[in-house]
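In what follows, a structure is listed as structure tokens, so that the remarks can point back to it.
Lettering of chains follows the sequences in order, A, B, ..., and the numbering in each one begins at 1. All heavy atoms count here, side chains included; hydrogens, waters and symmetry mates do not.
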Number of protein chains: 2
Amino acid sequence: MDDYQETRCEQCVIRQFNSLRAMSKEELKKVSDTKTTQYFKKGDAIFTEGEKLNGVFCVRDGISKLSKLSSNGKDQIVKLATKGHLLGQRSVISNEPANLSAIAVNDMQVCFIPKEGILNTLNSNSNFAVEVLRHMAHDLKEADDVIVNMSQQTVKQRVAEAFLYMKNNFGEDDKGFLNLTLSREEISNVVGTATESCIRIISEFKKENWIKASGKKLAIINEKALIDLVNS
Amino acid sequence: MDDYQETRCEQCVIRQFNSLRAMSKEELKKVSDTKTTQYFKKGDAIFTEGEKLNGVFCVRDGISKLSKLSSNGKDQIVKLATKGHLLGQRSVISNEPANLSAIAVNDMQVCFIPKEGILNTLNSNSNFAVEVLRHMAHDLKEADDVIVNMSQQTVKQRVAEAFLYMKNNFGEDDKGFLNLTLSREEISNVVGTATESCIRIISEFKKENWIKASGKKLAIINEKALIDLVNS
DNA sequence: CGGTTTCTTGAATCGAATCAAGCCGCGTGG
DNA sequence: CCACGCGGCTTGATTCGATTCAAGAAACCG
């Protein structure tokens with residue numbers, strides 16, 4: 001890792017993927033002066049639900065699951081964040097404790113940006129505010145769609161959708177295996193179901209030759225079948 | 001109705017409840033000059049999913065359900081909007097077709113505000129942008145919570161939650177009956193379940209004396225019991 | 001008043017959760 | 001190097017909750 005000299009935000013390519021690109025050079029410099037780079041290992045918490053956040057986290061590498069504990073004691077993964085995503089924005093903007101926990105699924109490299117830099121820019125640079133707004137609008141639309149899927153689709157459809165989501169958002173390697181590898185339990189926490197139910201459906205998919213497995217890695221073989229299932 | 005002379009936005013008390021209050025006097029005047037007042041009858045669509053919106057709708061009176069059709073053909077009500085809520089914001093900000101349909105549950109009075117007024121102010125007045133952002137952040141938190149509830153709670157818990165939601169957001173009259181009256185089918189579309197299942201649970205609640213009915217109106221008698229059920 | 005829609009209840013069926021047991025891969029320590 | 005234990009994975013059998021189908025009662029409207 002190149003922490004002998006940390007990358008400055010101004011030069012960081014990652015920021016092209018998120019709302020920080022709407023900041024001016026000077027704003028970015030100020031932010032860069034206050035930011036710190038942090039490393040998390042698989043399973044570490046970046047923050048946990050209920051925690052007060054003093055800034056936002058910009059993911060440089062690795063993947064984080066954003067989840068919430070429900071009253072029955074089970075974790076529900078609400079979304080997965082990767083390179084370029086900002087975590088904790090919502091909490092900082094509404095000045096409330098975090099609503100979700102962010103846990104590293106992989107080893108991660110994350111920049112912590114104190115909230116002052118964000119809030120000041122938000123108030124002075126409406127370009128930036130609108131850019132953040134656009135991202136939040138997009139997240140909201142996705143969340144609404146998830147609500148509809150969660151309440152109206154069968155577990156089987158939701159598992160299929162989870163695979164498609166993993167493919168579309170995190171891609172696959174040259175051999176067709178999904179870049180993102182989740183444990184069975186994590187998949188069921190995305191889908192919102194019991195682990196065994198989820199496992200059973202995965203093995204059905206294998207029998208149908210819609211997906212295959214090699215070690216922990218999974219690959220989608222028949223994407224169309226999965227899509228058809230979701231839309232039926 | 002006082003449409004012999006429409007209320008000007010500057011004098012409209014409703015706007016105190018939404019992000020329009022962060023607009024300056026002049027901005028508000030401009031908006032007021034372009035706005036039109038519209039009336040919708042119970043069951044009318046203010047807009048439907050997939051429709052391109054040319055502005056936002058500010059609810060002055062009545063209640064609207066925001067719902068989406070899922071692939072299985074059932075409607076899922078994602079949220080309910082009342083006096084002071086702005087509809088179609090998200091769509092206008094991200095310049096995408098509406099993701100949800102807005103249908104009047106009651107007779108409604110709604111102001112239509114062309115998007116130019118909104119977008120111009122957004123770009124020039126960062127106060128306004130931040131205010132909109134704060135509202136959107138709040139909506140996003142609520143949506144995330146709904147995702148968790150939908151996927152982890154039983155139908156019974158969700159029905160209880162729906163009643164509490166109706167009480168907290170729309171209140172009750174002097175006799176303790178909920179101001180918002182939904183048909184059984186609408187309640188099940190909120191809860192995301194079959195109408196009969198929902199009816200059955202409502203009659204259970206009645207037997208337990210947690211709620212009572214008079215005509216179409218429902219009243220919560222034992223709020224604590226409902227809350228306990230949700231948190232169990 | 002008949003016809004329609006909404007509400008209600010019952011019984012059968014289906015999907016998913018739960019409980020229980022065995023398996024596999026892996027790391028540890030004898 | 002193998003035995004052991006552990007955690008993650010897999011499968012089967014049972015139970016439970018929710019949906020569906022069906023049919024009757026009540027409210028609603030022209």
Side-chain angles (χ1 to χ4, degrees), chain A residues 42-43 65 70-77 103 105-106 149-163 178 180-208 211-219 229-230 232, chain B residues 41-43 65 70-76 105 149-163 178 180-208 211-219 229-230 232:
Chain A
K42 179 174 177 171
K65 55 180 175 184
S70 86
S71 47
N72 68 15
K74 285 195 198 151
D75 241 11
Q76 175 67 37
I77 297 179
I103 314 283
V105 171
N106 285 153
N149 290 340
M150 280 294 174
S151 45
Q152 300 289 355
Q153 313 220 124
T154 63
V155 170
K156 209 163 164 177
Q157 290 175 308
R158 275 155 33 210
V159 173
E161 192 138 292
F163 284 134
L178 294 173
L180 172 59
T181 305
L182 296 176
S183 72
R184 302 299 192 240
E185 193 184 0
E186 284 170 325
I187 297 175
S188 25
N189 289 346
V190 170
V191 173
T193 190
T195 314
E196 300 96 319
S197 309
C198 191
I199 287 178
R200 237 172 278 266
I201 288 166
I202 291 176
S203 64
E204 273 184 56
F205 285 176
K206 276 193 223 160
K207 285 205 188 101
E208 303 255 21
I211 62 173
K212 66 175 174 180
S214 156
K216 305 228 159 225
K217 290 209 157 274
L218 288 171
L229 175 60
V230 168
S232 64
Chain B
K41 286 213 287 284
K42 179 176 177 168
K65 55 179 175 184
S70 85
S71 47
N72 69 15
K74 284 195 198 151
D75 242 9
Q76 175 67 38
V105 170
N149 291 339
M150 280 295 175
S151 44
Q152 301 288 356
Q153 313 219 121
T154 62
V155 170
K156 210 164 164 180
Q157 290 174 308
R158 272 148 45 203
V159 173
E161 192 138 292
F163 283 134
L178 294 173
L180 172 58
T181 306
L182 296 177
S183 72
R184 301 299 191 244
E185 193 184 0
E186 284 168 325
I187 296 175
S188 27
N189 289 346
V190 170
V191 172
T193 192
T195 314
E196 299 96 321
S197 308
C198 192
I199 287 178
R200 237 173 279 263
I201 287 167
I202 290 176
S203 64
E204 273 183 56
F205 285 175
K206 275 192 223 162
K207 285 205 188 102
E208 303 254 22
I211 64 172
K212 66 176 174 180
S214 156
K216 304 231 156 224
K217 290 210 158 273
L218 288 171
L229 176 61
V230 169
S232 64

Checklist line | Short side-chain donor-acceptor distance under 3.5 Å, Ser70(A) and Gln76(A) | finding: no
Margin query: Between Glu204(B) and Lys156(B), is there a side-chain heavy-atom distance shorter than 4.5 Å?
Written below: yes
Item checked: Covered region of DNA chain D, 5' end to 3' end, by chain B [heavy atoms, under 4.0 Å] -> dA18(D) to dC21(D)
Check: About how many Å separate OG of Ser203(A) and CD1 of Ile211(A), when rounded to the nearest 0.5 Å?
Finding: 8.5 Å
Next item on the list: Note every stem involving DNA chain D: at least three consecutive Watson-Crick or G-U wobble pairs, i with j then i+1 with j-1, with both distances under 3.5 Å.
Entry: C:1-30 with D:1-30
Margin query: How many whole angstroms separate atom CZ of Arg184(A) from atom P of dC23(C)?
Written below: 19 Å
Notebook entry, point to check: Is there side-chain contact between Asn189(B) and Val191(B), with at least one heavy-atom pair below 4.5 Å?
Noted result: no
Note to self: Both Arg158(A) and Lys216(B) contact DNA chain C. Taking the nearest nucleotide for each, which residue is further toward the 5' end?
What the structure shows: Lys216(B)
Check: Taking everything shown except Glu185(B) itself, do over 12 heavy atoms lie less than 6.0 Å from its CD?
Finding: no
Check: Expressed in angstrom and rounded to an integer, what is the separation of Ile199(A) atom CD1 from dC19(C) atom P?
Finding: 16 Å
Notebook entry, point to check: Ignoring hydrogens and angles, are the base of dT18(C) and the side chain of Arg200(A) linked by a donor-acceptor pair under 3.5 Å?
Noted result: yes
Check: Is Ser183(B) near enough to dT6(C) that one of its side-chain N or O atoms lies under 4.0 angstrom from OP1 or OP2?
Finding: no
Note to self: Nearest whole Å is fine: how far is dA16(C) C1' from Lys74(A) NZ?
What the structure shows: 10 Å
Next item on the list: Would you indicate whether the side-chain heavy atoms of Leu229(B) and Thr154(B) approach each other to under 4.5 Å?
Entry: no
Margin query: If I take atom CD in residue Glu196(A) and atom P in nucleotide dA20(C), what distance separates them, rounded to the nearest angstrom?
Written below: 12 Å
Notebook entry, point to check: When the distance from CZ of Phe205(B) to P of dT8(C) is rounded to whole Å, what number comes out?
Noted result: 14 Å
Next item on the list: Would you classify Thr193(B) as touching base, sugar-phosphate or nothing, given that sugar-phosphate means primed atoms plus P, OP1 and OP2, and contacts are heavy atoms under 4.0 Å?
Entry: sugar-phosphate
Check: For Thr195(A), which contact category applies under a 4.0 Å heavy-atom criterion: base, sugar-phosphate, or nothing?
Finding: nothing
Next item on the list: Check whether any side-chain heavy atom of Lys206(A) lies under 4.5 Å from a side-chain heavy atom of Lys212(A), and answer yes or no.
Entry: no
Next item on the list: For Gln153(B) and dA16(C), give me the distance from atom CD to atom C1', rounded to whole Å.
Entry: 17 Å
Item checked: Spacing of Glu204(A) atom CD relative to dG15(C) atom C1', expressed in whole Å -> 11 Å
Next item on the list: Calculate the interatomic distance between Asn72(A) atom CG and dA16(C) atom P; express it in whole Å.
Entry: 17 Å
Check: Are side-chain heavy atoms of Leu180(A) and Leu182(A) found at a separation under 4.5 Å?
Finding: yes
Notebook entry, point to check: Hey, mind stepping through Gln153(B) and Ser71(A) against side-chain hydrogen bond (donor to acceptor under 3.5 Å, both in side chains) and telling me if it holds?
Noted result: CA-CA 8 Å; Gln153(B) 313 219 121; Ser71(A) 47; 3.1 Å; yes
